[in-house]
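Down below is the structure, laid out as structure tokens.
Residue numbering restarts at 1 for every chain, and letters A, B, ... go by the order of the sequence lines.
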Protein chains: 2
Amino acid sequence: MDTTQRTEQQRSADRRRRELLEAADRVVLRDGPQASMNAIAAEAGITKPILYRHFGDKGGLYAALATRHTDALLNSLRDALDAPAERRERVEATLDTYLAAIEARPQVYRFLMHPAEGSTGPDQGFDVGKHSAPLLRRMGEELAQVIEERLDLGPGSQQLARVWGHGIVGMMHAAGDWWLGERPCTRAELVKSLADLLWGRLAAAGDKVGGPGF
Amino acid sequence: MDTTQRTEQQRSADRRRRELLEAADRVVLRDGPQASMNAIAAEAGITKPILYRHFGDKGGLYAALATRHTDALLNSLRDALDAPAERRERVEATLDTYLAAIEARPQVYRFLMHPAEGSTGPDQGFDVGKHSAPLLRRMGEELAQVIEERLDLGPGSQQLARVWGHGIVGMMHAAGDWWLGERPCTRAELVKSLADLLWGRLAAAGDKVGGPGF
DNA sequence: CATAATGTGTTACTAGCGGTAACCCGAGTC
DNA sequence: GACTCGGGTTACCGCTAGTAACACATTATG
């Protein structure tokens, strides 16, 4: 039988794969999104073609790497979302979890968010770009699912939940990106401000006296 | 005096610059964000070094191109924001303006949003990336300014307005990006859903019966 | 035991990118 | 006529993603 042999090889391949991913992780953490295949191969102590045998192309490597971090982050977010507390507290916890993650490892974050899909190569249409739902989309869909599962939104709830999921994720992302660059306030303040926004303070705010209103 | 001569040259240079930008526009509209300097030069009927003499590097060309479209879009948004109507209507008009813009010219939109900053070149740290506030930031700042000018937000209003500005822009962007890819509903529906989100319907919604609440 | 096959790795290459140095040529000027 | 000078080109550099072809070890098989 070659099944045992195949599993043996499979295991070995998986181990190598994990080693390569860890090396890639280190390089990305050091060099950011511009990490080149050469650099990653060098860090792993091997040469490029091996990387390509394992991951197909840069998109494949990106996908594998992204899936890892994405899964980890999504798990954290789910935990925050599932904590036993008031809705507002949960929202704040989720926002804070996300912001803490991007604060702790900005290089990884930038790699995930700005996958440098420019791909100087001649193959742009091939399978790069479609590799794995680029984190933002996945987060949006996940959040949409949670919203749709737990909130009573009346008719058209599914569509509404999806719009909100992507919208909220986008809000979180853009604000986080800006905050990470300028650090204009503490994380807690940012969380509170965003939660206030989601709680309708924009609609509730009064016009400034003398102004034409907004 | 050489002032007349200089203005003469200046005018000529400006004309060329505009021609080049229009050529670049055409290429970007056709090829998307991967438009190469070679392709742009070819479209303009000239060769690369001229482009580099005019714009410094790819970042400079991007900046010039982006500034153009960004200014146009920002003007449209300001108009929508300044229309004489209720706040809710203004917000909806602004959202709709943005979404209509990205719907009308998705290639340009993708070029502006995902500048392909990967920049395979060896110069990543030089001045690329810092060129011009990448649209999202500019929109965020503009919106923040409008919010801060017109709304009475109490203490810390400036910070709050900036967080909201970037957050709302991010929401609009992410939802728009997703919508543009999947087209799950009409533009009007999307606008209404987003406005509802901003109006606090998330906080106001009831828990789904039987569920643990959100 | 020799030989074929198979996985694992390398070197050396292609094609295309952003960016630049060096040259080239026509138009004015002394 | 020599001379600068702005606008243009060719030919190149160093880098990238990706690949073809070759080399070595191990293992299965005659």
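With sequence neighbours excluded, no residue satisfies side chain to side chain donor-acceptor pair (under 3.5 Å) with B:E89. Residues satisfying the salt bridge (charged side-chain N to carboxylate O under 4.0 Å, His left out) criterion with A:D79, sequence neighbours excluded, are absent altogether. The side chain to side chain donor-acceptor pair (under 3.5 Å) test applied to B:E92 returns B:R88, not counting sequence neighbours. In this structure, the side chain to side chain donor-acceptor pair (under 3.5 Å) partners of B:R201, at least two apart in sequence or on a different chain, are B:D196. Here A:R16 pairs with nothing under the salt bridge (charged side-chain N to carboxylate O under 4.0 Å, His left out) rule; sequence neighbours left out. For the side chain to side chain donor-acceptor pair (under 3.5 Å) test, no residue two or more places apart in sequence or in another chain qualifies with A:R18.
Enclosure of atom CD in A:Q158 is not indicated, since only 12 or fewer non-hydrogen atoms of other residues, nucleotides or ligands lie within 6.0 angstrom.
In the helix from C:dC1-D:dG30 to C:dC30-D:dG1, the terminal helix axes, each the rotation mapping four pairs' C1' atoms onto the next four within five end pairs, subtend 40°, rounded to 10°.
With hydrogens and angles ignored, a donor-acceptor pair under 3.5 angstrom links the side chain of B:K48 to the base of C:dG19.
Spacing between atom CD1 of A:I50 and atom P of D:dA17 amounts to 17 Å, rounded to whole angstrom units. One can place CG of B:D57 at 20 Å from P of D:dG14, the figure rounded to the nearest angstrom. When the P atom of C:dG18 is taken as reference, atom OH of B:Y62 falls 15 Å away, rounded to whole Å. Straight-line distance from the CG atom of A:L51 to the P atom of D:dT16: 14 Å, rounded to whole Å. Rounded to an integer number of Å, the gap from CE of A:M37 to P of D:dA17 is 7 Å. B:H54 has its NE2 atom 11 Å from the P atom of D:dT9, to the nearest Å. Taking atom CG on A:L20 and atom P on C:dT8, their separation rounds to 12 Å, with Å as the unit. A:F55 has its CZ atom 15 Å from the P atom of D:dT19, to the nearest Å.
Between A:R16 and C:dG9 there is a side-chain polar atom (N or O) within less than 4.0 angstrom of OP1 or OP2.
Closest approach to the A:N38 side chain among C:dG18, D:dT10, D:dT16 is made by D:dT16 (side chain taken as heavy atoms from C-beta onward). With C:dG19, C:dG9, D:dT19 as the candidates, the nucleotide lying closest to the side chain of A:P49 is D:dT19. Nearest nucleotide to the side chain of A:R53, out of C:dT8, C:dG19, D:dG8: C:dT8.
Figure legend: B:R162 and B:W164 shown without cation-pi pairing, the cationic atom not lying both under 6.0 angstrom from the six-membered ring centre and within 45 degrees of its axis.
The stretch residues 39-46 of chain B touches DNA chain D through B:I46, each having a heavy atom under 4.0 angstrom from the strand.
Residue contacts shown for A:T47 include a base, since a base heavy atom lies under 4.0 Å away.
Judged as a side-chain hydrogen bond (donor to acceptor under 3.5 Å, both in side chains), the pairs with a partner in residues 35-47 of chain B (not counting sequence neighbours) are, in order, B:R26-B:E43, B:R30-B:E43.
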